[in-house]
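Report on the structure given below.
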Amino acid sequence: MEGIKRVFDKVENFVISLCAVCLAAIILVIMYQVIARRLNIATSGTEELARYCYVLFVFLLWPIAAKRGQDLRITVVFDLLPNRVREIIMGVFQIFMAGFSAVCVYSIFLNIQNTMKNGTTLSSNTWLPLSVIYIIVAVGLVLTLLANLLRAALLFMGQEHVMTQQEENEAEMAAESAKLAAELKKNGGAGQ
């Protein structure tokens, strides 16, 4: 199980870097659009490019949110439950999310087949086949499915803890305190 977690960590770091590039591209494209419109310059295809980057960003970060357990939940109610009950509920939720992802992957697979058979492109961007976007979404959904199943297994085996909001806050404060202490130690040692 440890080897699988390490592989997921490496994939996660790569995806986060790729998503940072997508986010930067979205910002640059939007800035270009604003400046170009102000100067009355035509900007064909830039809106679609920003949209494609957004699709990449969302569907590639979704598996990471699932792996990290950053799913939406009502913490006021969820935090009142005992730890093991929270883990079981979250594990069942992860199984349902994996099922949802599987249905979406099947649907996307049918869309990929149709667009490849028909050679479908978007009217504004004939240079990019629509199937490429669908394939990227399918990859994100498959990774989400795998992340959901991995997290469910870890939760059911008791190897992962579902923290309450208070525990998350305390962990964040402890991490910031440790970071600040390390920084002070480093700066204090350099001043001597």
Side-chain angles (χ1 to χ4, degrees), residues 1-26 51-113 131-180 182:
M1 213 38 129
E2 202 60 38
I4 294 172
K5 284 178 80 172
R6 269 188 264 127
V7 169
F8 265 95
D9 287 341
K10 287 181 182 181
V11 170
E12 181 180 323
N13 290 335
F14 171 74
V15 169
I16 288 173
S17 299
L18 180 63
C19 287
V21 170
C22 287
L23 191 58
I26 292 169
R51 231 177 272 134
Y52 298 156
C53 288
Y54 179 71
V55 167
L56 278 170
F57 182 78
V58 169
F59 280 96
L60 292 180
L61 277 180
W62 188 7
I64 293 171
K67 178 186 171 279
R68 291 184 175 181
Q70 295 175 328
D71 309 290
L72 292 176
R73 62 182 184 256
I74 303 171
T75 57
V76 173
V77 176
F78 198 71
D79 289 357
L80 296 176
L81 300 171
N83 184 41
R84 189 65 190 146
V85 173
R86 285 195 314 267
E87 291 170 358
I88 290 170
I89 289 172
M90 192 55 75
V92 170
F93 173 74
Q94 295 298 325
I95 296 291
F96 278 117
M97 288 305 295
F100 173 76
S101 295
V103 170
C104 290
V105 167
Y106 176 71
S107 175
I108 289 287
F109 177 72
L110 295 177
N111 284 332
I112 291 169
Q113 282 182 324
S131 60
V132 171
I133 299 299
Y134 286 150
I135 289 169
I136 292 167
V137 170
V139 167
L141 287 168
V142 167
L143 289 174
T144 302
L145 189 149
L146 295 173
N148 286 132
L149 292 176
L150 175 66
R151 181 151 164 77
L154 293 172
L155 286 165
F156 288 139
M157 292 186 310
Q159 293 185 0
E160 192 157 321
H161 173 65
V162 179
M163 293 195 294
T164 64
Q165 187 64 49
Q166 182 178 351
E167 290 171 336
E168 287 180 21
N169 293 344
E170 289 170 358
E172 284 178 24
M173 287 174 40
E176 285 299 318
S177 295
K179 184 177 166 185
L180 182 61

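Since this is a predicted model, take the numbers as computed values, not measurements.
Separating the CG atom in Asn83 from the CD1 atom in Ile88 is a distance of 10.0 Å, to the nearest 0.5 Å. Atom CG of Leu150 and atom CD of Gln159 lie 9.5 Å apart (nearest 0.5 Å). A distance of 10.0 Å separates CG in Leu61 from OG1 in Thr144, rounded to the nearest 0.5 Å. We find the OH-CD distance between Tyr134 and Gln113 to be 13.0 Å, quoted to the nearest 0.5 Å. Considering CG of Leu141 and CD1 of Ile136, their distance stands at 12.0 Å, rounded to 0.5 Å. How far CG of Asn111 is from CD1 of Ile135: 11.5 Å, rounded to the nearest 0.5 Å.
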For this session: Could you walk me through whether Arg86 and Ile89 pass side-chain contact (heavy atoms from CB on, under 4.5 Å), step by step?
Result: CA-CA 5 Å; Arg86 285 195 314 267; Ile89 289 172; 5.9 Å; no
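The minimum heavy-atom distance between Leu155 and Gly91, with the atom names listed, is CD1-N, 3.5 Å. The minimum heavy-atom distance between Cys19 and Phe57, with the atom names listed, is O-CD1, 3.5 Å.
Looking at Met90 and Gln94, their side chains come closer than 4.5 Å, going by heavy atoms from C-beta outward. Within the 4.5 Å cutoff, the side chain of Ile95 has no heavy atoms near those of the Asn148 side chain.
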Enumerate donor-acceptor pairs with a distance under 3.5 Å from any side-chain N or O in residues 97-108 to protein atoms, sequence neighbours excluded.
| residue | atom | partner | partner atom | Å |
| --- | --- | --- | --- | --- |
| Ser101 | OG | Met97 | O | 3.1 |

